[in-house]
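Encoded as structure tokens, the structure appears first; notes follow it.
Start at 1 with the first residue, then count along the sequence.
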Amino acid sequence: MAEEPDTGVSTRAERKAIEKAKILQRESERNVVRLVGRVLRKPEAERTEEEAAVLLLHGAIVEELGKRQVRRNVLKRKQEEVFDDTDELKAKVRQLAVAVNQAKHLVVYTGAGISTAASIPDYRGPNGVWTQLQKGRTVSSSDLGKAEPTLTHMCIKMLHKEKLVKHVVSQNCDGLHLRSGLPRNCLSELHGNMFIEVCTSCSPVKEYVRLFDVTERTSLHRHGTCRRCSHCGSELRDTIVHFGERGTLEQPLNWKGAAEAAKMADVILCLGSSLKVLKKYACLWSMNRPASKRPKLYIVNLQWTPKDDLAVLKIHGKCDDVMSLLMKELNLQIPVYDRAKDPIFSLATLLRPEEVDSHNRELIGPPDGQQSCSADPEGHAEEASVVQGGWFGRGYGKGRRRRKKLHNQA
């Protein structure tokens, strides 16, 4: 009995010795990896006999470092932007024009790349939101409400008017498809609309279209906008679907419309989307059909996408350039965006007097250039150009940090 305390001390000492040995072993292995890495970075002709011997001795590490370098090179190539030359671009657009003309049910999938011409950053491009955040940089922008529909938005609207496009499925939250004049019944905004807030306590859900970005105070898992429903008094929430969330709102997401359109599609045209998110939605790709009976896929993007190998045609060009050439091939005129005819002005619900100071975002100016009755009567200036919250920028980061903090506390 008297020996038990000594056994405990001995066992504890043994455990500490074992842990210390493991730490020293890991550090030794890291030092070897660093050494091998330094040798591999040197030109073969400049390596000493001792360095060559190190590579022979640690063949497994050499092989692993080689595999890592291959993976890095592949990732780098996927992030690079590629441009087709002028003649190749025109030839590809002619092929696309034939497909558009012959399609019985053409569906368009759009991503952030169609809005970059409106000074709205994309996500994964060289200057994209996620690219900048991963580098630890601040995401800055002028007020996103100042953006207007691009040439691509207006082309899609005309293609729908001419009955060449049946449905548009968008990942964008900028509301520019709606503002271009595209009818809502043929539009699915899968990740929400920054101009729309809703009351989910009302049945059916009550919708408020605003003349400003309603996501100023919202972020991941925090959707309250601090305004109240005029019908029931409940707090309104934005419609944005962040990464890690599942959108359940019927509108403006319109998942039903997107799924039905995909089911009927014989041609899918993807414009400005990396497809890294859309690829996860099997219902959008008719994956339950045999491969030969799935819609023909056409992709317009400067970077690699996970659907490239399945595409009939991949066009490396800016969306506005491609769509301009396409409309010329189809002999269709590109409509010009007219602020006076922007549907948002007829759809918008103006703020009540007590709500005037509920936001700091700049209002979309009415067609006549006069100040709207929902504007700040004291004319408070915009405070900062850094995006503070909402569907990208600091709001997303704050949501991530908050969730991580709660997870650590649990």
Side-chain angles (χ1 to χ4, degrees), residues 71 74-75 77-79 105-115 120-125 128-131 133-134 166-174 177 187-194 219-221 223 238-314 319 390-392 395-397 399-400 403-404 407:
R71 288 195 293 269
V74 169
L75 181 60
R77 284 198 300 272
K78 287 181 177 181
Q79 292 175 335
H105 201 97
L106 169 62
V107 181
V108 177
Y109 294 173
T110 64
I114 74 165
S115 295
I120 296 177
D122 59 12
Y123 290 94
R124 296 178 174 85
V129 174
W130 304 148
T131 306
L133 291 177
Q134 286 171 354
K166 304 299 183 184
H167 199 87
V168 177
V169 178
S170 178
Q171 296 170 260
N172 299 338
C173 306
D174 52 37
H177 278 303
L187 174 63
S188 296
E189 296 176 292
L190 300 185
H191 297 155
N193 185 315
M194 68 187 234
S219 63
L220 183 69
H221 302 309
H223 293 277
D238 69 12
T239 62
I240 306 304
V241 181
H242 292 278
F243 287 99
E245 296 179 339
R246 183 176 181 180
T248 57
L249 288 172
E250 185 175 338
Q251 290 292 344
L253 278 56
N254 193 14
W255 265 105
K256 182 179 179 182
E260 289 178 353
K263 194 181 298 183
M264 298 175 65
D266 61 339
V267 174
I268 293 175
L269 172 59
C270 300
L271 295 171
S273 172
S274 70
L275 301 180
K276 291 179 181 178
V277 175
L278 282 185
K279 73 171 184 178
K280 300 175 182 177
Y281 304 136
C283 67
L284 297 181
W285 307 101
S286 303
M287 298 306 290
N288 56 336
R289 296 191 216 168
S292 60
K293 294 185 178 181
R294 291 173 194 163
K296 293 179 180 178
L297 180 60
Y298 293 78
I299 298 174
V300 178
N301 206 310
L302 294 173
Q303 293 177 304
W304 171 90
T305 83
K307 292 287 185 180
D308 284 356
D309 292 340
L310 302 177
V312 173
L313 182 67
K314 171 69 180 292
C319 292
W391 51 279
F392 73 76
Y396 177 71
R400 285 177 60 190
R403 187 170 64 167
K404 185 175 181 180
H407 176 73

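- The CG atom of Leu302 sits 8.5 Å away from the NZ atom of Lys314 when rounded to the nearest 0.5 Å.
- Asn172 contributes a side-chain N or O that, together with a main-chain N or O of Gly111, makes up a donor-acceptor pair within less than 3.5 Å.
- Of all heavy-atom pairs spanning Arg289 and Pro295, the tightest one is NH1-CD, 4.0 Å.
- A distance of 7.5 Å separates OG1 in Thr110 from CD in Gln171, rounded to the nearest 0.5 Å.
- Between the CD atom in Glu189 and the CG atom in Asn254 there is a gap of 9.0 Å [rounded to 0.5 Å].
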Item to check | Chi angles and distances behind the side chain to side chain contact (heavy atoms under 4.5 Å, CB included) call for Val107, Leu284 | outcome: CA-CA 10 Å; Val107 181; Leu284 297 181; over 6 Å; no
Next on the checklist: Is there a side chain to side chain contact (heavy atoms under 4.5 Å, CB included) between Val300 and Leu269? Walk through the geometry before answering.
Outcome noted: CA-CA 8 Å; Val300 178; Leu269 172 59; 4.2 Å; yes
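- Side-chain N or O atoms of Asp308 include one that pairs as donor or acceptor with a backbone N or O of Thr305 at under 3.5 Å.
- Pairing each heavy atom of Pro306 with each of Lys279, the nearest pair is CG-CD, 3.6 Å.
- Ring-plane geometry between Trp255 and Tyr281 is classed as perpendicular, the angle between the planes exceeding 60 degrees on a 0 to 90 degree scale with a lower cut at 30.
- To the nearest 0.5 Å, atom OG of residue Ser219 and atom CD1 of residue Ile240 are 11.5 Å apart.
- The two residues Leu190 and Leu253 make their nearest non-hydrogen contact at O-CG, 3.5 Å.
- Within the 3.5 Å criterion, the main-chain N or O of Trp285 finds no donor-acceptor partner in the side chain of Arg294.
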Next on the checklist: With side chain to side chain contact (heavy atoms under 4.5 Å, CB included) as the criterion, how do Ser188 and His167 come out once you've worked through the C-alpha distance, each side chain's angles and the decisive distance to 0.1 Å?
Outcome noted: CA-CA 8 Å; Ser188 296; His167 199 87; 2.9 Å; yes
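- Within the 4.5 Å cutoff, no side-chain heavy atoms of Asn301 are placed close to those of Leu275.
- In this structure a side-chain-to-backbone donor-acceptor pair under 3.5 Å is missing from Thr239 to Gln251.
- Note that CG of Asn288 is 8.5 Å distant from NZ of Lys263, once rounded to the nearest 0.5 Å.
- In this structure, His221 and Gly244 approach most closely via the heavy-atom pair CE1-O, 4.3 Å.
- Residues Cys270 and Lys307 are not in side-chain contact: their nearest non-hydrogen atoms beyond the backbone lie 4.5 Å or more apart.
- Using cut-offs of 30° and 60° for the angle between ring planes, the His223 and His242 rings count as tilted.
- Atom CG of Asn193 is separated from atom CG of Leu249 by 11.5 Å, given to the nearest 0.5 angstrom.
- Here the shortest heavy-atom pairing between Gly272 and Cys319 reads N-SG, 3.5 Å.
- More than 12 heavy atoms of other shown residues, nucleotides or ligands fall within 6.0 angstrom of atom CD in Glu245.
- Closest non-hydrogen pair, Trp304 versus Lys276, comes out as CZ3-CE, 4.0 Å.
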